[in-house]
Structures are given as C-alpha cells and as structure tokens.
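Since the structure comes first, as structure tokens, the remarks are kept for the end.
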Amino acid sequence: MANSKRFTWIGGTVFAGLVILVAAWFLAINPMLSAAADLRNQTSQVQQRNQVLQTQLTKLKADFAKLPQYKDQLTALRAQIPTDAELSAYLLQIDAIATARSVTVTALAPGAPEAFVGAAPAAAAATAPSPTATPAPAGASGTQAGAAGAVPAGFYDIPISMTVVGSYDASQAFLSDLQNATPRLFLVTSVAGTSQKQASAGGGKPATALGDEQLVVTGMTYVLTSTYPAPAAAPSATPAPVQPAVPGKNPLKPVAGK
C-alpha cells in the first residue's frame, strides 16, 4: 500500500513537472525565441538600410565634390538658353557678328515669344494614320524636335528675322557664325539668298557689287522661365512659296555680264 502511494506521488510529480515544462514552453520560452527571431530580422533590415544609406551618402559626397563643375555646366546652359529674353544684348551680338564679317544688317525684327511645342514622337507618328494637311495653330512651333510631354514649363521660343547684305562669302560666314559663334542658341528655320547687281547705296541698302548677296534669315532663340508673360495671340502669316532649285546650279553664283 505504501509503495502504491509512493508510485502515485512520483507519477503526479512527474506529470506536474511535464505540465510546468509545457506551460513554460508556450508561455515563456517560445515567445522569447520568436521575439529573438524578430529582433534578428529587424537587425538585418536595419543593417541593409544602413548599407543603402551609406551608398547614397558616398554618392552625395562625390556629387558635392563636383559641385563647382555642375555650376559651370549650369552657367554654360543658361548662356545657351537664358532665364530672361535679354534681347538687347543678343541683338548687339548679332550686330557684332555682322561687323566682324563685313556685312550690313538692313532689317532686324524679333517677334513675340511663343510657347514651345515639340514634335510628336517618331513611333507615334509612324503608327498614326496619315491626316490631310492642316495648318499649325498660331503660336506653335511644331516642326521642332522633341516630345511635347518632355517640354518643361516656361519654355518659350522667340522668332527673329533679319536681312543682311554683303559678299557671298561674307554672308555665308555670317550665317555660320550666327549659329556657332555665340553662346546663345539660334535655330535657323529658313534662309533666302538673292544675288545683287552693282548698285549705289540707297533705300537703306549699302552699295553692292555684282555677285553680292542679300540674305534673309528667319529663326528662333529660346528662353526658359516659369515667370515669362504669356504672349498675346498674333495672326499667322502665310509664307511665300519657295521656288525649287535647279539641279547642279548655284542660284547665287554671279553670271558673267557681256
């Protein structure tokens, strides 16, 4: 009888110990192990984030070291496309080119600023059905390259037309300098040259020799500013038709007189 009680007591003690162990596992040990695993995951994520931040910091330090170079690039870009029209200064540059190339500017007329409108992307133009010819809306420069969606706000073009008179070589050099010798961008959209006869000065034109050229240049320069005033709508003018060139013949080359 005593042995039976002793075995019962031992069995109860073992059972109670097992219950305590199971309770300790579910109530204390397992939650602590889960918390430790979560902590390890969080530590790994923080370490990865720190590595990303360190990489970004290294790049920022490298960019900061190049800040003077970036400022020089920005200055050069602003010289090409300023943040203000600055037409007076630009017209003086054109006059300086004319003087250097020994041509005479007989007409120089800047137009009203127009909001820049880029051409449609080539892929879209290829897949779109071919429409009938439709005049471009007033104030739109749709023949220029670039997707319309990529045009920044405040980007305007300023049309400028000019007429110069001089020798053939001098007028061609003036046209080249107009596009290449000034910091500011100028896009030539049309050129019309007319050979001149020998004539005395008069009517706002200088004296000309046989074979001199009158060059009419139309183009545009650009300005990028978010505060530029919106231009007033102006009636569009229909350009005069251009006569086709004769193959193999220079229409500006002087013809020997009798």
Side-chain angles (χ1 to χ4, degrees), residues 76-117 136 138-144 154-225 228-243 251-252:
L77 291 174
R78 284 183 173 174
Q80 295 177 6
I81 304 178
T83 56
D84 188 69
E86 300 177 5
L87 285 179
S88 297
Y90 185 59
L91 297 183
L92 289 176
Q93 293 179 21
I94 295 176
D95 185 67
I97 295 174
T99 301
R101 292 301 183 180
S102 301
V103 298
T104 302
V105 179
T106 60
L108 183 58
E114 301 173 347
F116 182 93
V117 178
S141 48
T143 60
Q144 302 167 68
F155 192 27
Y156 292 84
D157 54 60
I158 303 176
I160 300 178
S161 61
M162 62 194 79
T163 304
V164 299
V165 178
S167 69
Y168 177 81
D169 291 338
S171 62
Q172 295 302 309
F174 169 83
L175 181 61
S176 176
D177 286 353
L178 185 63
Q179 301 172 88
N180 302 305
T182 63
R184 187 159 181 174
L185 293 180
F186 185 82
L187 173 66
V188 173
T189 56
S190 67
V191 179
T194 305
S195 182
Q196 302 294 293
K197 298 180 179 179
Q198 184 172 355
S200 301
K205 293 178 60 176
T208 56
L210 182 65
D212 282 354
E213 181 182 36
Q214 175 178 278
L215 201 63
V216 179
V217 182
T218 302
M220 57 190 64
T221 187
Y222 303 94
V223 61
L224 175 58
T225 171
Y228 206 83
S236 58
T238 303
V242 179
Q243 297 298 327
L252 302 178

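Keep in mind that the numbers below use all heavy atoms, side chains included, and drop hydrogens, waters and symmetry copies.
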Here the gap from S195 atom OG to E213 atom CD, rounded to the nearest 0.5 Å, amounts to 8.0 Å

Heavy-atom nearest pair, S171 first then L215, reads O-CD2, 3.6 Å

For R184, the salt bridge (charged side-chain N to carboxylate O under 4.0 Å, His left out) test, sequence neighbours excluded, returns none

Residue set satisfying side chain to side chain contact (heavy atoms under 4.5 Å, CB included) with L185, at least two apart, ordered chain then number -> Q80, I81, Y222

Residues 91-103 vs salt bridge (charged side-chain N to carboxylate O under 4.0 Å, His left out), sequence neighbours excluded, gives R101-D177

Check: Is there a side-chain contact between L175 and V217 (heavy atoms, below 4.5 Å)?
Finding: yes

With sequence neighbours left out, the residues meeting side chain to side chain contact (heavy atoms under 4.5 Å, CB included) with L108 are L91, I94, V105, I160, M162

When rounded to the nearest 0.5 Å, the distance separating OG1 of T225 from CZ of F155 is 12.0 Å

So OG of S167 and CD of Q172: to nearest 0.5 Å the spacing works out to 9.5 Å

Subject >> Side-chain donor or acceptor of T106 paired with backbone N/O of G204 under 3.5 Å >> reply: no

In short, salt bridge (charged side-chain N to carboxylate O under 4.0 Å, His left out) pairs touching residues 186-211 with sequence neighbours left out are none

Minimal heavy-atom distance between P159 and D157, with the atoms involved, is CD-O, 3.7 Å

T182 meets the side chain to side chain contact (heavy atoms under 4.5 Å, CB included) criterion, sequence neighbours left out, with Y90, Q93, I97

Taking every heavy atom of G166 against every heavy atom of V103, the minimum-distance pair comes out as CA-CG1, 4.1 Å

